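Here's the structure we're looking at; comments come further down.
Start at 1 with the first residue, then count along the sequence. Just so it is clear, the structure is predicted and the values come from calculations on it, not from any experiment.
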Amino acid sequence: MSAWTKQFEQRPKGFFVTASLVVVGVVGVVDYFTGYTIFFSAFYLLAVALAAWFVGGPFAIVISFLSVGVWLGGDIAAGAHYKNVFVPIWNGAIALTVYYVVVRTLTSLHRLHKELEERVRQRTMALTGEIHERERLEKEILEIQEREQRRIGSDLHDSLCQYLTATAMAAQVLGEKLSAKSVPEIADAREVVRLVENSISLTRDLARGISPVEIEMEGLIIALREFAANISRLFKVNCAFDCDSPPMISDVATATHLYRIMQEAVNNAIRHGKPKQIVISLSNRKKHIELTIEDDGAGLPEDWQKGRGLGTRIMARRAAMMGGMFSIEPNPTGGTFVKCSIPAAA
């Protein structure tokens, strides 16, 4: 009914003024030809209702009086005879009372309806504003997080790695001096060099994971392939990257979101599932870009649908910011299956 009334309320009031008068005229003509023995006053309520709802109470009162006049005039013209002049006056007063009650009821309902619509509109605007503000804050938090991760990754790469490199060079010089003197501590010096070089490699891998510069410099696909290789080397897990139909992703924000979703999914699999194999896939699916991560680990807990952790919620939020869909569910062959699908236009 709301949609029906809204469609009609778009018309000008003059249309409903004319329609009410036409209804009174049509009902009056039918009332006249059917004779005074058939009670027709109830049909004038259609005109009264139209006037009350779409025009207003005062005009509806005018239509009520007009309807009573047409009704009584039609009966008299059709041959109705009253023994007492008080009878038509009484009948007209009863009809006017009924019409008045209908007018007051409809105008009150119409006012309440308008007030409710206005409250709903205001509440909708408030909720929309709150949603937009929340989305803005979430986006800003993620951007701050990315900036901090880039800063930490840059500090690790530019400061700590350089310091460890200098330490390794100093240890090599020391080893050469010890070798020249043929002292037995030369083996210890070489071990120190080896440990420092391993520390340099681990620090670079950590910096690359925190701030994947390949996303901006070389593309998402290379960054994902490098990440899979590092996971295989560091955690002794067969982590493979599959990309049969490489998608074109030039937007850094979209590439970063996809990388972070993959990174969180793989870290969760290693931390909780203890898998032997992880497969990362990135592909074009018609008008969508699809990222999937599946493993053969322990899988999800039995109550995984009751609540999601912070990492899962952040992954879902990242997908929503790209206009995509995120899902995590048990893998039919064992383990966990994570999927993120976004429009290619993202």
Spatial distance of atom CG (L220) from atom CG (D251) [nearest 0.5 Å]: 11.0 Å
Within a strict 4.5 Å, meaning less than it, do heavy atoms of the V266 and M262 side chains meet? yes
Tell me every residue that passes ring pair (Phe, Tyr, Trp, His ring centres under 6.0 Å) with F241, counting only those two or more places apart in sequence or in another chain. none
Side-chain atoms of residues 275-284: list all donor-acceptor pairs with protein atoms under 3.5 Å, sequence neighbours left out, distances to 0.1 Å.
unit_1: S283; atom_1: OG; unit_2: R285; atom_2: NE; d: 3.3

N/O donor-acceptor pairs under 3.5 Å from side chains in residues 90-106, not counting sequence neighbours:
unit_1: N91; atom_1: ND2; unit_2: V87; atom_2: O; d: 3.4
unit_1: T97; atom_1: OG1; unit_2: A93; atom_2: O; d: 2.8
unit_1: Y99; atom_1: OH; unit_2: S41; atom_2: O; d: 2.5
unit_1: Y100; atom_1: OH; unit_2: R104; atom_2: NH1; d: 2.9
unit_1: T105; atom_1: OG1; unit_2: V101; atom_2: O; d: 2.7

Looking at R119, I want to see if its CZ is surrounded by more than 12 non-hydrogen atoms of other residues, nucleotides or ligands under 6.0 Å. no
Is there a path of hydrophobic side-chain contacts, each under 4.5 Å between heavy atoms of I/L/V/M/F/W/Y residues, joining V29 to I76? no
Please answer: with hydrophobic residues joined when any side-chain heavy atoms are less than 4.5 Å apart, are F15 and V62 in the same cluster? no
Do T336 and N331 come within less than 4.5 Å of each other through their side chains, counting heavy atoms only? no
List the atom of L291, the atom of L258, and the distance in Å for their closest heavy-atom pair. CD2-O, 3.4 Å
Within 6.0 Å of CZ in R271, more than 12 heavy atoms from elsewhere: yes
Does one hydrophobic cluster hold both V30 and V68, with members joined at side-chain heavy-atom distances below 4.5 Å? yes
A51 and A60 have their tightest heavy-atom pair at CB-CA, 3.7 Å
If you compare all heavy atoms of I221 against all heavy atoms of C243, which two are closest, and at what distance to 0.1 Å? CD1-SG, 3.9 Å
With a 3.5 Å cut-off and sequence neighbours excluded, list the donor-acceptor pairs that the side chains of residues 316-325 form with protein atoms.
unit_1: R317; atom_1: NE; unit_2: E138; atom_2: OE1; d: 2.3
unit_1: R317; atom_1: NH2; unit_2: E138; atom_2: OE1; d: 3.4
unit_1: R318; atom_1: NH1; unit_2: H257; atom_2: ND1; d: 2.9
unit_1: R318; atom_1: NH2; unit_2: E146; atom_2: OE2; d: 3.2

For R136, all residues meeting salt bridge (charged side-chain N to carboxylate O under 4.0 Å, His left out), sequence neighbours excluded: E133, E140
Does V22 belong to the same Ile/Leu/Val/Met/Phe/Trp/Tyr cluster as Y32, with side-chain heavy atoms less than 4.5 Å apart forming each link? no
Quick one: CZ on F337 to OG1 on T292, what's the gap to the nearest 0.5 Å? 5.0 Å
How many angstroms lie between CZ in R123 and OG1 in T128, if you round to the nearest 0.5 Å? 10.0 Å
Could you tell me whether the side chains of Q263 and R260 share a donor-acceptor contact shorter than 3.5 Å? yes
Which heavy atom of I261 sits nearest to which heavy atom of C340, and what is that distance? CD1-SG, 3.8 Å
So, taking the atom named CE in M315 and the one named OG in S327, what distance separates them when rounded to the nearest 0.5 Å? 10.5 Å
May I ask you to decide if the ring planes of W53 and H110 are parallel, tilted or perpendicular, using 30° and 60° as cut-offs? perpendicular
Please confirm whether the backbone N or O of A52 pairs with a side-chain atom of T107, one donor and one acceptor, at under 3.5 Å? no
Tell me whether I63 is reachable from F65 by hopping between hydrophobic residues (I, L, V, M, F, W, Y) whose side-chain heavy atoms are closer than 4.5 Å. yes
Can you see which heavy atom on V24 is nearest to which on S67, and at what distance? CG2-OG, 3.7 Å
Check: W71 and V27 side chains under 4.5 Å, non-hydrogen atoms: no
Separation between CD1 (I342) and NZ (K287), nearest 0.5 Å, reads 15.5 Å
Please determine whether side-chain contact (heavy atoms from CB on, under 4.5 Å) holds for the pair L50 and V23, giving the CA-CA distance in whole Å, both sets of side-chain angles, and the decisive distance to 0.1 Å. CA-CA 9 Å; L50 281 174; V23 170; 4.2 Å; yes
Nearest-0.5 Å distance, OG of residue S64 to OH of residue Y44: 12.5 Å
side-chain contact (heavy atoms from CB on, under 4.5 Å) assessment of V70 paired with D31: CA-CA 9 Å; V70 172; D31 189 14; over 6 Å; no
How would you list, by chain and number, every residue that makes a side-chain hydrogen bond (donor to acceptor under 3.5 Å, both in side chains) with E191, sequence neighbours excluded? R194
